[in-house]
Number of protein chains: 2
Amino acid sequence: MPDNDSMTPARSFPLSDAPQPGLRERKKIKTRTAIRDATYALVREQGYDATTVEQIAERAEVSPSTVFRYFPTKEDIVLTDEYDPLLLAELRKRPAEEPWMDSLRYVMHKAIDVGLTEDAEAIRLRAHLMVQVPAVRSRMLESMSVTGRMLSEAIADRTGQDRESLEVRVYTMSLIGGLAEISLYWAENDFRDDFRDLLDRTLTVIEHGLPTKPDASGTE
Amino acid sequence: MPDNDSMTPARSFPLSDAPQPGLRERKKIKTRTAIRDATYALVREQGYDATTVEQIAERAEVSPSTVFRYFPTKEDIVLTDEYDPLLLAELRKRPAEEPWMDSLRYVMHKAIDVGLTEDAEAIRLRAHLMVQVPAVRSRMLESMSVTGRMLSEAIADRTGQDRESLEVRVYTMSLIGGLAEISLYWAENDFRDDFRDLLDRTLTVIEHGLPTKPDASGTE
DNA sequence: CATGAAATGAGAGTAACTCTCAAAAGGTAG
DNA sequence: CTACCTTTTGAGAGTTACTCTCATTTCATG
């Protein structure tokens, strides 16, 4: 642990219930963030492919075995986060009368605000790697589709559909696909756009489809 | 059934322009299909993970090096096909007045009809692997998103949007995500459904969004 | 402090790739 | 058919992500 925990500042809300369950658990969290921080640093220095797990282990001061004990794949070290369950919880908290899309918009905005203020650098790096490293992009899509499965349960409940219906599954995955594309677009355009704007435009497209003619009254 | 070309029957239309450019090219095609057929056979016998590239090479009677020369990754052996450019071409052939969704529906139907009569077994195996092997699923999404990039150009042209606009990209990827989900749904339900029905229902969802209430008048 | 459980490290092993270079086969001109 | 050039192939060594096992260390608890 050469430097401080700059990458993971104090959270404004708890991610799990138990605050300080014991020395063992605290150490595990420390190891986890140490591995992640080491990875981020090395990737920034050398790039993703040039960074080996051995190097990561060395800098994080753990053994390579331990790295794989904490993260199933190298890609997971970069892109795992803990926002998903949080997002789901927030979503279920929204009033049932609220139009579904409004709920989604609200929750996504909130998630972005939190993420962008807390882990701005990490989020950009992640989006950047998504563009550049196919393996990371793949894993991201995979991970998002897992999120999607949970999301589809929430959507099914809200819209009164069967959870396993094709319609819900397709709708959710199309949502996920669209959301994934935001990050790529954002990173490819050097993070110039406001992520919130991109999100709003994306949700509008998914809600209403493509405008048939180029829209001159848009935000851009 | 080990040897003949049962896996790749005579095509009802040409995939590339040059028919018989020479012995060299013909041999390459033969090697390519030999590797693919060997892979399919081995995967059916032992499963995907248990099948090594060495075994594939042995059965295809080539060296492991050659396998990697023809396919960049093991997953690509399973899921590479040549339908994409075909599909794009068909799409551009549709009359410009035709509503966009109708064009897409028509072309996808055609692709499914062709694929399902020519490579029915292979397509099922592929869908099955998509469900079971994460690496294959990831690679499929990746490959579909490449297709998506081409698709988005066609969509952009047809709808009069900029090719690089966020809207087109998001729309395309949401389409891709939805389409990918069909295969998963189909395979998870043991191929009981008619793929064409699933496709129609999927396109309807993408076009009109989720029905707010479970629809009793549907096809099911 | 002692005892049990969990986490770690060390090391061997697998398999998907990558790179290099020499041999073989296809294509072409005399 | 022979000679020559180009493309393709095979052999082999090397890298790295990832797995498994087992002994050792570290925390928790009575």
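Throughout, protein chains are lettered first and strands after them, A, B, ... in sequence-line order, and every chain is numbered starting at 1. Just so it is clear, the structure is predicted and the values come from calculations on it, not from any experiment.
- Straight-line distance from the CG atom of B:D49 to the P atom of D:dT19: 11 Å, rounded to whole Å.
- Using a cutoff of 4.0 Å between basic side-chain nitrogens and carboxylate oxygens, A:D37 and A:R59 are not scored as salt-bridged.
- Between the CD1 atom of B:I35 and the P atom of D:dT9 there is a distance of 8 Å, given to the nearest Å.
- Across the protein-nucleic acid pair, B:E54 atom CD and C:dA16 atom P stand 8 Å apart, rounded to whole Å.
- Between A:R126 and A:D119, none of the side-chain N atoms (NZ, or NE/NH1/NH2) sits under 4.0 Å from a carboxylate O, so this pair counts as no salt bridge.
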* Asked: Can you give one letter per nucleotide of nucleotides 22-30 of chain D, 5' to 3': B if a protein heavy atom sits under 4.0 Å from the base, S if only from the sugar-phosphate, - if neither?
  -> ----BBS--

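- Summary for the helix from C:dC1-D:dG30 to C:dG30-D:dC1: the axes at its two ends, each from 5 pairs, differ by 20° when rounded to the nearest 10 degrees.
- Nucleotide D:dT9 holds its P atom 14 Å from the CD atom of B:E61, rounded to whole Å.
- Atom-to-atom, NZ of B:K30 to P of C:dG26 comes out at 11 Å; the value is rounded to the nearest Å.
- Going from atom CG of A:D76 over to atom C1' of D:dT19 covers 16 Å, rounded to whole Å.
- Nucleotide D:dT7 holds its C1' atom 16 Å from the CZ atom of B:R26, rounded to whole Å.
- You'll find that the side chain of A:Y70 is closest to C:dA7, out of C:dA16, C:dA7, D:dT9.
- For the atom pair CD1 (B:I206) and CG (A:L175), the distance works out to 11.5 Å, reported to the nearest 0.5 Å.
- Across all strands, A:F71 comes closer than 4.0 Å to no nucleic acid atom at all (heavy-atom distances).
- A:F191 pairs by the ring pair (Phe, Tyr, Trp, His ring centres under 6.0 Å) definition with A:W186, not counting sequence neighbours.
- For B:F68, counting side-chain heavy atoms from C-beta on, the closest listed nucleotide (C:dC17, D:dC18, C:dT8) is C:dC17.
- Side chains of A:S103 and A:R158: a donor-acceptor N/O pair is present below 3.5 angstrom, by distance only.
- With rounding to whole Å, B:K28 atom NZ is found 17 Å from C:dA25 atom P.
- Using a 4.5 Å heavy-atom threshold, the side chains of B:L79 and B:M144 count as separate.
- For residues 131-144 of chain B, the pairs satisfying salt bridge (charged side-chain N to carboxylate O under 4.0 Å, His left out) are A:R137-B:E142, A:E142-B:R137, B:D76-B:R139, with sequence neighbours left out.
- With sequence neighbours excluded, no residue satisfies salt bridge (Lys or Arg N to Asp or Glu O under 4.0 Å) with B:R124.
- The nucleotide whose nearest atom lies closest to any side-chain atom of A:T52 is, among D:dA17, C:dC17, D:dT9, D:dA17.
- Within the 4.0 angstrom heavy-atom criterion, only backbone atoms of the sugar-phosphate kind lie near B:P72; the bases stay farther away.
- Both the sub-6.0 Å distance and the 45° axial angle are not jointly satisfied by A:K74 relative to the ring of A:F68.
- Using a 4.0 Å cut-off, no side-chain N or O of A:S63 falls inside it from OP1 or OP2 of C:dT8.
- Ranked by how close their nearest DNA chain D nucleotide is to the 5' end, A:V53 and B:S65 are led by B:S65.
- Evaluation of the salt bridge (charged side-chain N to carboxylate O under 4.0 Å, His left out) test over residues 164-185 of chain A, restricted to residues two or more places apart or in two chains, returns A:R149-A:E164, A:E164-A:R169, A:E167-B:R201, A:R169-B:E181, A:R169-B:E188, A:E181-B:R169.
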